[in-house]
Student: 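Below is one structure. I have some questions about it.
Values below: all heavy atoms of this structure, side chains included; hydrogens, waters and symmetry mates excluded. Numbering of ligands and ligand atoms starts at 1, following listing order.
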Amino acid sequence: MAAANPIGVFDSGVGGLSVLCEIRRELPGEDLLYVADSGHAPYGDKPGQLIEARSVAIVEFLVSQRAKAIVVACNTATGAAIETLRARFPLPIVAMEPAVKPAAANTKSGVIGVLATGSTLASENFERLFSRFGAGVDILIQPCPGLVEQVEAGDLSGGRTRALLEQYVLPLLERQADTIVLGCTHYPFLAPLIREIAGPSVAIIDPSAAVARELRRRLADAGLLSLEARTGTERFWSSAAPDQAQPVIDQLWRAGVEVWGLPDRSDGKAPSKK
Ligand code: DGL
C-alpha cells in the first residue's frame, strides 16, 4: 500500500459528501474516491444484512480502485457493518458515530436531541454510546424517516422538507433540548433549515470535521499520509441512474464533475462511464 494511493469514501447516497467536504478541507493533497449507493438509498429502512452486503461490495470496489484507507461516511452502514468491514479488510477504516459525547459535554439544559435513521438509533453502537455518555443527561432520540429521500432529491429547503424537519425538531425544543446531534451524514445539508427552525441558541453538532481529523491521524500512524504538495483529485461513482445521480452531485459538490456508474459486480474492472 502506498501513500500516493487514494482514500475511498462511501455512503448510502449523497449524504457522505458532507464528510467528503471536511476530508478535502483537512487533506487537500489526497486523491479521494466517493461511492454514492443512491440506487439502494435509504439504508435506514433496509435489513442489516443487506446494508452489510452492500457495504462489503462497495469496499471491495474501492479496494479494487487501490484505496489505501476507507471512510464509512454513513452512520447507518457503520451500525450495520463496521465489525465485518474491519475483520475483512486489512486497511485503516474510519467510521461515523453520532456525536453524543461532545453534545453531552456541551449541553447546559441537560437535554440533547439526536436526529438519525431508525436503524442507527436501534444499533448496538448507539446503545453503547447511550449508556456511556447518557448518565446525567436526557438524550431524546428522534428517528427521521423521509429526510434522506429529500436530500437525495436535492430538496434542501422546500415545503415538504421543512414540514418534516418541524415535525422532528420542534418536539425536541419543547422538551428543552439545547443541543441537536446530526446523526446521519445527509442532515448537515439541512443544517441551515434546522438552524432556522431551532433558532440561534441551539447548538447543532456534526461530527464530520472530527472524522476527517481522525482519518489524518490514522493515515499518519500507518505511514500512509500523502506528503506531496499538490492539489488532490476526486472521482465519483453512483449506483443510481445517471439522470438522478448527476444533478444532485452537481448541486451538493460542484457542478460539472464526472459521475460514473457503479459496476454491479465488484470484480475490479474499470467502471463503465455513466
Ligand atoms: N447518510 C446515511 C447515514 O449517515 C443515511 C442512511 C440512509 O440511507 O437511510 O446514516
Student: Should Tyr43 be counted as touching ligand 1, given the test is an N or O pair under 3.5 Å?
Tutor: yes
Student: Of the listed options (Gly16, Gly44, Ala41), which comes nearest to atom 9 (O) of ligand 1 when hydrogens are ignored and any heavy atom counts?
Tutor: Gly44
Student: Run the contact test for Pro42 against ligand 1 with a 4.0 Å cut-off on heavy atoms, strictly below, and give the result.
Tutor: yes
Student: List ligand 1 atoms under 4.0 Å from Thr76, heavy atoms only on the residue side.
Tutor: 3 (C), 6 (C), 10 (O)
Student: Identify whether the distance between the nearest side-chain nitrogen and carboxylate oxygen of Glu30 and Arg24 falls below 4.0 Å.
Tutor: no
Student: Classify the angle between the aromatic ring planes of Phe236 and Tyr34 as parallel (below 30°), tilted (30 to 60°) or perpendicular (above 60°).
Tutor: tilted
Student: Applying side-chain hydrogen bond (donor to acceptor under 3.5 Å, both in side chains) between Arg162 and each of Glu196, Gln150, Gln167, report the one that passes.
Tutor: Glu196
Student: Can you find a heavy atom in the side chain of Leu91 that is under 4.5 Å from one in the side chain of Ile70?
Tutor: yes
Student: I need the contact type for Val148 against ligand 1. Using non-hydrogen atoms and a strict under-4.0 Å cut-off, is it side chain, backbone, both or neither?
Tutor: side chain
Student: Report, as yes or no, whether the 6.0 Å neighbourhood of atom CZ on Arg132 holds more than 12 heavy atoms from other residues, nucleotides or ligands.
Tutor: no
Student: Evaluate the criterion side chain to side chain contact (heavy atoms under 4.5 Å, CB included) for residue pair Ile205 and Thr179; output intermediate values, then yes/no.
Tutor: CA-CA 7 Å; Ile205 301 194; Thr179 307; 3.7 Å; yes
Student: Hey, is ligand 1 close enough to Thr117 that some N/O pair sits below 3.5 Å?
Tutor: no
Student: Please round to the nearest 0.5 Å and tell me the distance separating atom CD1 of Ile139 and atom CG of Leu129.
Tutor: 8.0 Å
Student: With backbone taken as N, CA, C and O and side chain as the heavy atoms from C-beta onward, which portion of Cys74 lies under 4.0 Å from ligand 1: side chain, backbone, both, or neither?
Tutor: both
Student: Testing Thr78, Asn125, Asn75, Thr76 one by one against Thr120 for a side-chain hydrogen bond (donor to acceptor under 3.5 Å, both in side chains), which residue passes?
Tutor: Thr76
Student: Below 4.0 angstrom from a heavy atom of Ser12, which ligand 1 atoms are there? Numbered from 1 as shown, please.
Tutor: 2 (C), 5 (C), 6 (C), 7 (C), 8 (O)
Student: Heavy-atom pairs closer than 4.0 Å: do any link ligand 1 to the side chain of Thr185, the backbone, both, or neither?
Tutor: both
Student: Please state whether Met96 comes within less than 4.0 angstrom of ligand 1, counting heavy atoms only.
Tutor: no
Student: Quick check on Arg230: does its CZ atom have over 12 non-hydrogen neighbours (other residues, nucleotides or ligands) under 6.0 Å away?
Tutor: yes
Student: Quick one: does Gly13 get within less than 4.0 Å of ligand 1, heavy atoms only?
Tutor: no
Student: With a cut-off of 4.0 Å, which atoms of ligand 1 are near a heavy atom of Asn75?
Tutor: 3 (C), 4 (O), 10 (O)
Student: Which atoms from ligand 1 have a heavy atom of Asp11 less than 4.0 Å away?
Tutor: 1 (N), 2 (C)
